[in-house]
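This report refers to the structure that appears directly beneath it.
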Amino acid sequence: SLQESSAETVRRLVTADTAGSGLVEVFRWDAGGGLQPITDVRTDQIPASYLAQSGLRLAERAATGEPVSVVEPLGGGGELIRAAAPVLDGARGVRGVVVVSDYLSGQFAARARRTVAAYEDYQQLRVLQQPLTGVYLSFFLMLTLMILVGATWMGLYVAKRITRPVQTLAAAAQEIGAGHLDHRVVAETNDEFGSLIEAFNSMAGKLSQSRRELEASAVALEERHREVEGRRRYVETILERIATGVVSLDGAGRVQTSNSAADRLLGLKGPVAGRRVSDVFDAPELQPLAGLIARAAGSGEEIPPQEVAVSREERELHLAVMTTPLRAGDGRPEGMVVVFDDVTPLIRAQKVAAWREVARRLAHEIKNPLTPIQLCAERMRRHFGDAPSPTRELVDECTATIVGEVESLKELVDEFSQFARMPPPRRMPTDLHQLLGDVLQLYQGLFADVRIRQVFAPGVPRLSVDPEQMRRVVINLIDNAVEAIGRRGRIDLETHYQPADALVRVVVADDGPGIPAAEREKLFLPYYSTKRRGSGLGLAIVRRIVAEHGGSIEVDDNVPHGTRFSIELPC
């Protein structure tokens, strides 16, 4: 035990264990509770300037139970490295302190100081390892973030430099697509995108110029279209209004167009465009016209106008037909245009003119011998006035017959003369209703079984007509009506006033058997009559008088039966 050993024993043990060491000091507790040195072992290396009190102070520090080490500088630049360790005795605690010192010369001390400084630095760095690691990590993260932010910014900047021109071009393309061809893009760079923008602007400029040219062309085309459309409507209006029938055919023999006059004259039902000619003109009454069209199509040349007679609703129509081939620029046939006019009124007028010439000549040739015949008959009657009774009776009978027939011939010749040389009407303002009333007075009580009903419209103005000629017209129509009903029935005399058209209509209707439709157009021809007697000039004279007054006369069926003559006169 340290308390029980002597100083010499401790010295001997320490000397044996620490041979070659610089200094070993052993301290133990004294009776008063303080440390006192019991032995020290030193070498010559320890300088003389060493102070023993420093070992005691170091021992007191180590007596607390923890080893202590210090470095004490000595003269000459050396250092004394000292370490104190407590001597423990189990449960009894610290029994003493052993202080071991070693001297380092100036060179080794400097190295030791450097080593200590390095160690201390290392310890400080070791203490600061985690903070420095955190700083380094923070710096690394910050640098990484800066690199990422910089890279992102640079990427966005580069992408923006790439995408912005593309987006600008896309927006400009949308503007161009919306019709804003004056939209342009400002080039911000001189690279490939700048070249692309310049090309886009050039394209937009050409599009704008092309659009202006196209709009100008569209305006001109629209103007031409309006002109063509106006001409087409003008031609269609003319074709629809004229009384001439026009039918156009294509090269395959199909009907392309037909105007209303053609449909009316030929009695075409429904649309005929696109149908073959043989199907359109398949009716038996239209076969002469179909044959003429077939001959014209076969020859391919223009055929001079020809007259074709067709039947329409039991009426005979005379058509003047002319065919004109249509040819392309190279001369190929492309179809045909068929034009036909209703020349029935012309034919009728020609017939009337011919009959007037016949009437004039007949009146001249017949009237001359009538007077001598009548005079000879009267002389014979006077000559045989004293003859025996049988002879006188025979002569009287024969001469009376001759004179009667001569008078009849004179009346016929007078009608011929009137028909051939009708005097022009002497117009004067005439009250139509008074004229008609005067005519009806002539039939008052003349026919017991004939009833004449008059229906006069109010407000009929005075007409500028020839009273004598108009009286003859009405008398002729009433006489014909009396004959048609066999002097037994009803006759209607009506007037109608149309202020909008400035027309007055005079109607003479009967309830007789009527007139077939096929004979109505022939009624007004000279020398045509449905009666057993008469010259057949009455209605021809009536139509001529009405025509010379600027009017017209038509004949239709009366309802429920009979005939109805309508005269239209201008106010």
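Treat the numbers as computed from the prediction; the structure is a model and nothing was measured. In what follows, residues are counted from 1 in the order of the sequence shown.
Annotation: side-chain hydrogen bond (donor to acceptor under 3.5 Å, both in side chains) contacts of Arg490 (sequence neighbours excluded): Asp492. Scored by the side-chain hydrogen bond (donor to acceptor under 3.5 Å, both in side chains) test, Ser552 finds no partners at all (sequence neighbours excluded). With sequence neighbours excluded, the residues forming a ring pair (Phe, Tyr, Trp, His ring centres under 6.0 Å) with His433 are Phe456, listed by chain and number. With sequence neighbours left out, Arg211 forms a side-chain hydrogen bond (donor to acceptor under 3.5 Å, both in side chains) with Glu215. Looking at residues two or more places apart in sequence or on another chain, you find no side-chain hydrogen bond (donor to acceptor under 3.5 Å, both in side chains) involving Asp511.
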- Verdict with reasoning, Arg226 to Glu229, per salt bridge (Lys or Arg N to Asp or Glu O under 4.0 Å): CA-CA 5 Å; Arg226 283 196 296 268; Glu229 187 67 18; over 6 Å; no
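Side chain of Ser210 to main chain of Lys206: a donor-acceptor pair is present (N/O by atom type, distance under 3.5 Å, no hydrogens or angles).
Summarising the geometry of Val450 relative to Ile491, their closest heavy-atom pair is CG1-CD1, 4.0 Å, with the distance given to 0.1 Å. Taking all atoms of both residues into account, the shortest heavy-atom contact from Leu503 to Tyr497 is O-CD1, 3.5 Å.
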Pairs under 3.5 angstrom only: tabulate donor-acceptor contacts from the side chains of residues 563-571 to other protein residues two or more places apart or in another chain.
| unit_1 | atom_1 | unit_2 | atom_2 | d |
| --- | --- | --- | --- | --- |
| Arg564 | NH2 | Glu494 | OE1 | 3.3 |
| Glu568 | OE2 | Arg505 | NH2 | 2.8 |

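The OG1 atom of Thr430 lies 9.0 Å from the CZ atom of Arg471; values are rounded to the nearest 0.5 Å. Here Glu483 contributes atom CD and Ile478 contributes atom CD1; the two are 13.0 Å apart, rounded to the nearest 0.5 Å.
Of the candidates Val506, Val465, Leu432, Val465 is the only one forming a side chain to side chain contact (heavy atoms under 4.5 Å, CB included) with Met470.
At a threshold of 4.5 Å between non-hydrogen side-chain atoms, the residues Ile475 and Leu442 count as touching.
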